[in-house]
Structures are given as C-alpha cells and as structure tokens.
*Asks:* 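Attaching a single structure in structure tokens format; questions to follow.
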Amino acid sequence: MSVCVLGIETSCDETAASVVQGGRVISNIVSSSVALHREFGGVIPEVASRFHIEYLNRVVEKALKKSKKSLKKLDAIAVTHKPGLPGSLLVGTSFARALSYALGIPLISVDHLTAHVYANFLDKRNAVKFPFIGAVVSGGHTSIFVFKSLAEYTLIGRTRDDAIGEAFDKVAKILNLGYPGGPAIEKMARKYKLNSRKKPIKFPMALLGDDNYDFSLSGIKTAVLEYARNGRSVKKDLPRVSWSFQESVFDVFAKKIIDACKEFDMRRIVLGGGVVSNKRLCDKIAVHSKRLGFEFFYPKPALCIDNAAMVAGLGEELLQEKEGSIL
Ligand code: KG4
Ligand code: ZN
C-alpha cells in the first residue's frame with residue numbers, strides 16, 4: 001500500500017518541499033537562494049539559513065496546494081537530517097518535527113546522499129535493480145558506493161579535497177564565468193567543441209592511475225589558476241580552458257566508476273547530484289556503459305539538483321521497509 005509523504009529539503013541553498021505517493025512525484029517545489037550567494041562565488045551559510053526561515057513555510061504551502069492534498073491527507077513527513085550546513089538543516093528538521101508532532105504522524109530522517117541516488121527510482125521505480133555502483137556528484141560531495149539496497153551500502157571512494165561541483169564553482173570564479181560554475185562551464189565548453197582548432201590543454205588528472213576510488217581536485221584547480229595567471233589571453237581561450245577542465249575531471253571520474261564496477265563485479269551504474277545534470281558527463285558514462293554492456297541510470301536534471309521529491313520518495317520507501325530512523 002502506498003503512503004503519502006511530504007518531503008522537506010534544506011541542507012544547503014535550496015528550500016524545497018514535495019509530495020510523493022507510491023514513488024510518484026505529485027508536486028516538487030524548489031526555491032533557491034543562489035542569487036544571494038552569487039556575488040560571493042559560493043554559499044554563505046548564514047544567508048542560506050535565513051532564506052530557509054523566510055521561505056520554507058511558503059514552499060511547503062505551495063507543494064501541498066499543487067498536490068491538492070491537505071495536511072490531513074499526509075501519512076508521514078520526511079526530512080533531510082544530514083549531511084549539510086548545520087544552520088540550514090536545523091531550520092528544516094525543526095519545521096518537520098513540529099509539523100509531524102502537530103499532525104501526529106511519523107517523521108522519517110533521510111540521508112541527503114542516499115536521497116540523491118534514490119532520485120533514480122522516482123516515477124519509474126521498477127527500472128533500477130540492486131546491486132549497483134552508486135555515486136553522488138554534487139557541490140558538497142563526490143562519493144562512490146556499492147549499493148546492495150537503499151539501507152545497505154558501503155562507501156568505497158570519495159574526494160580528498162574539493163567535490164567536483166565545488167571545483168567547477170571555483171574554476172568558474174577564476175575564469176569570471178559566474179556562479180554556480182557548473183552550468184556556466186558546461187555552456188562555455190560546448191563552444192570549444194563547435195570550432196576546435198587548438199588542441200585541448202593537458203590539465204593534471206590526479207589519482208587517475210591509483211588503485212583506489214578517491215579523487216583530488218585541488219591540483220587541477222591550481223593548474224587552471226596558473227594558466228589564467230600566466231598572462232595568456234584566457235578570455236579568448238575560455239571555451240578551450242572550460243572544455244579541457246571538464247574533460248580531465250570527467251575522464252578521471254568515468255575511469256574510477258568503471259574500475260569500481262569491474263572490481264565489485266557490478267553491471268549497473270546509478271548517478272545522482274547536481275553535476276549529473278551535465279550532459280557531457282552522462283554521455284561519457286553512457287558510452288563506456290554501452291561498450292561494456294552495463295546499465296546506466298541518471299535522473300532528469302530537475303531531480304539531479306537538490307530537491308525534496310528525492311527526500312519524500314526515500315522517506316516513503318524507508319517507512320514501508322521499517323528502515324527509517326524516526327527523529
Ligand atoms: O546537488 P546539488 O544541487 O547541491 C549539493 O548537494 O551540493 O549540486 C550543486 C552543484 C554545484 O556545485 C553546481 O555547480 C553543480 O552542482 N552543477 C553542475 C552542473 N549543474 C550544476 N556541474 C557541472 N555541470 C552542470 N551542468
Ligand atoms: Zn545535494
């Protein structure tokens with residue numbers, strides 16, 4: 001039997017609420033404070049928390065209105081409780097706790113990273129089967145897991161410094177491409193592909209040949225900075241720099257994912273997180289998957305970036321499997 005769950009997500013700079021029932025997204029509202037962080041080139045935690053305080057109420061109301069469900073129709077509330085910015089998480093978890101108490105319904109705490117992977121199950125839940133190599137590629141995380149179920153998974157690799165999305169944001173700042181950097185770099189890189197007369201720049205590809213699934217992005221970030229500082233006409237070269245940076249990062253990521261599949265004898269890859277909305281990344285993994293006969297899943301862009309549908313959906317799943325920890 002399906003249950004109706006309200007999801008709440010406030011772990012970073014998106015204030016989000018969603019109603020999900022039976023794994024189907026009935027409403028999915030996201031309000032972002034990204035414009036307030038733009039001038040700083042990164043998320044300012046205090047500003048993000050204040051935005052959540054101001055907008056969460058309205059976002060929840062809008063999600064309920066769009067779903068045509070009243071509060072009385074809700075069976076449970078799911079909320080992201082980790083990882084994330086402490087002040088931001090506190091706004092969402094306090095709100096969710098108070099609402100569940102007032103309504104007398106269960107409150108399920110959801111891990112943000114598991115939710116990013118779960119996003120693949122929404123609206124087409126039978127397509128993805130276990131086990132698989134799952135990875136979260138976002139502004140806060142670059143982590144690879146072996147998933148046996150949504151409640152049983154093992155971390156096998158992670159970044160030792162910057163997350164991939166974070167590196168995109170920092171490199172975009174160096175190149176004056178604005179914030180958030182991921183979409184800006186992807187757009188600029190596309191221009192290089194169209195009229196590529198000069199060869200790609202060879203940026204460092206850290207830990208590529210290492211016998212592990214960890215990442216390090218600080219070297220390539222510094223290399224782009226050096227390149228920009230060396231007085232070359234970077235402005236004219238922006239498409240090539242963006243393309244070369246993107247390729248280097250994604251080639252390392254693709255190799256690690258494929259190596260992980262081979263070592264752990266997995267034939268399925270499931271990705272989630274904001275960076276997965278990058279078409280070049282998905283095309284790359286798709287080519288490798290096809291060549292090796294692997295299945296490859298990734299969510300549509302609206303479910304890659306932070307959203308509450310993934311939180312509500314995972315909450316529903318955990319509640320039914322009695323795996324959810326009630327806050
Ligand atoms: O998952 P997400 O919305 O928030 C976190 O949990 O971190 O991911 C945001 C990150 C940002 O760093 C942003 O630059 C990156 O995802 N991103 C992208 C693209 N769209 C968003 N990175 C590369 N290419 C994109 N198209
Ligand atoms: Zn996220």
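Worth saying up front: this structure is predicted, and the values here are computed from it rather than measured. One-based numbering, in listed order, for ligands and for the atoms of each. Position 1 is the first residue of the sequence; numbering continues from there.
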*Asks:* Could you verify whether a donor N or O on one side chain and an acceptor N or O on the other, from D13 and S33, lie under 3.5 Å apart?
*Replies:* no
*Asks:* Angle between ring planes, F203 versus Y227, binned at 30° and 60°: parallel, tilted or perpendicular?
*Replies:* perpendicular
*Asks:* Between N307 (side chain only) and I305 (backbone N and O only), is there a donor and an acceptor less than 3.5 Å apart?
*Replies:* yes
*Asks:* Please confirm whether H141 comes under 4.0 Å of ligand 1, counting heavy atoms of the residue only.
*Replies:* no
*Asks:* Please could you name the atoms of ligand 1 that G274 approaches to less than 4.0 Å, counting only its heavy atoms?
*Replies:* 1 (O), 2 (P), 8 (O), 16 (O), 17 (N), 18 (C), 19 (C), 20 (N), 21 (C)
*Asks:* Hey, is G140 one of the residues with a heavy atom under 4.0 angstrom from ligand 1?
*Replies:* yes
*Asks:* Under a 3.5 Å distance rule, please check whether N120 uses its side chain to pair with a backbone N or O of V117 as donor and acceptor.
*Replies:* yes
*Asks:* Looking at every heavy atom in both A172 and I185, which two are closest together, and how far apart are they?
*Replies:* N-CD1, 3.8 Å
*Asks:* Tell me, which protein residue and heavy-atom name are nearest atom 24 (N) of ligand 1, and how many Å apart are they?
*Replies:* N278 ND2, 3.0 Å
*Asks:* Check each atom of ligand 1 against the heavy atoms of H112 and keep those under 4.0 Å away; list them by number with element.
*Replies:* 6 (O)
*Asks:* Indicate yes or no: does an N/O atom of G273 lie under 3.5 Å from an N/O atom of ligand 1?
*Replies:* no
*Asks:* With H52 as reference, evaluate N57, T15, T10 under the side chain to side chain donor-acceptor pair (under 3.5 Å) test and give the passing residue.
*Replies:* T15
*Asks:* With a heavy-atom distance limit of 4.0 Å, tell me whether H116 approaches ligand 1 through its side chain, its backbone, both, or neither.
*Replies:* side chain
*Asks:* Check this for me, if you would: do E54 and R50 make a salt bridge, where the nitrogen-to-carboxylate-oxygen distance has to be below 4.0 angstrom?
*Replies:* no
*Asks:* Please report the shortest heavy-atom distance between L74 and I105, naming the atom on each side.
*Replies:* O-CG2, 3.8 Å
*Asks:* In terms of atom number and element, which parts of ligand 1 are under 4.0 angstrom from non-hydrogen atoms of I305?
*Replies:* 3 (O)
*Asks:* When you measure from atom 22 (N) of ligand 1 to every protein heavy atom, which one gives the shortest distance, and what is it?
*Replies:* G182 CA, 3.2 Å
*Asks:* Got the closest protein heavy atom to atom 11 (C) of ligand 1, with its distance?
*Replies:* D169 OD2, 3.6 Å
*Asks:* Classify the angle between the aromatic ring planes of H112 and H116 as parallel (below 30°), tilted (30 to 60°) or perpendicular (above 60°).
*Replies:* perpendicular
*Asks:* Taking the N/O/S atoms of H116 one by one, which is nearest to the Zn ion (ligand 2)?
*Replies:* NE2
*Asks:* Classify the angle between the aromatic ring planes of F245 and F168 as parallel (below 30°), tilted (30 to 60°) or perpendicular (above 60°).
*Replies:* perpendicular
*Asks:* Please work out which of the three classes, parallel, tilted or perpendicular, describes the rings of F147 and F145, given edges at 30° and 60°.
*Replies:* perpendicular
*Asks:* Nearest protein heavy-atom contact for atom 7 (O) of ligand 1: which residue, which atom, what distance?
*Replies:* G139 N, 2.8 Å
*Asks:* Out of curiosity, is K279 lining ligand 1, as in a heavy atom under 4.0 Å away?
*Replies:* no
*Asks:* May I ask you to identify the nearest protein heavy atom to atom 26 (N) of ligand 1, giving residue, atom name and distance to one decimal place in Å?
*Replies:* E186 OE1, 2.8 Å
*Asks:* Measure from the Zn ion (ligand 2) to every N/O/S atom of D306 and report the name of the nearest one.
*Replies:* OD1
*Asks:* Please list the nearest protein heavy atom to atom 15 (C) of ligand 1 with its residue and the distance rounded to 0.1 Å.
*Replies:* V275 CG2, 3.9 Å
*Asks:* Quick check: does C12 have an N/O/S atom under 2.8 Å of the Zn ion (ligand 2)?
*Replies:* no
*Asks:* Which pair of non-hydrogen atoms, one from S94 and one from L90, has the smallest distance, and what is that distance?
*Replies:* OG-O, 2.6 Å
*Asks:* What protein heavy atom sits nearest atom 20 (N) of ligand 1, and how far away is it?
*Replies:* S277 OG, 3.3 Å
*Asks:* Quick one: look up the protein heavy atom nearest atom 4 (O) of ligand 1 and list residue, atom name and how far away it is.
*Replies:* D306 OD2, 3.2 Å
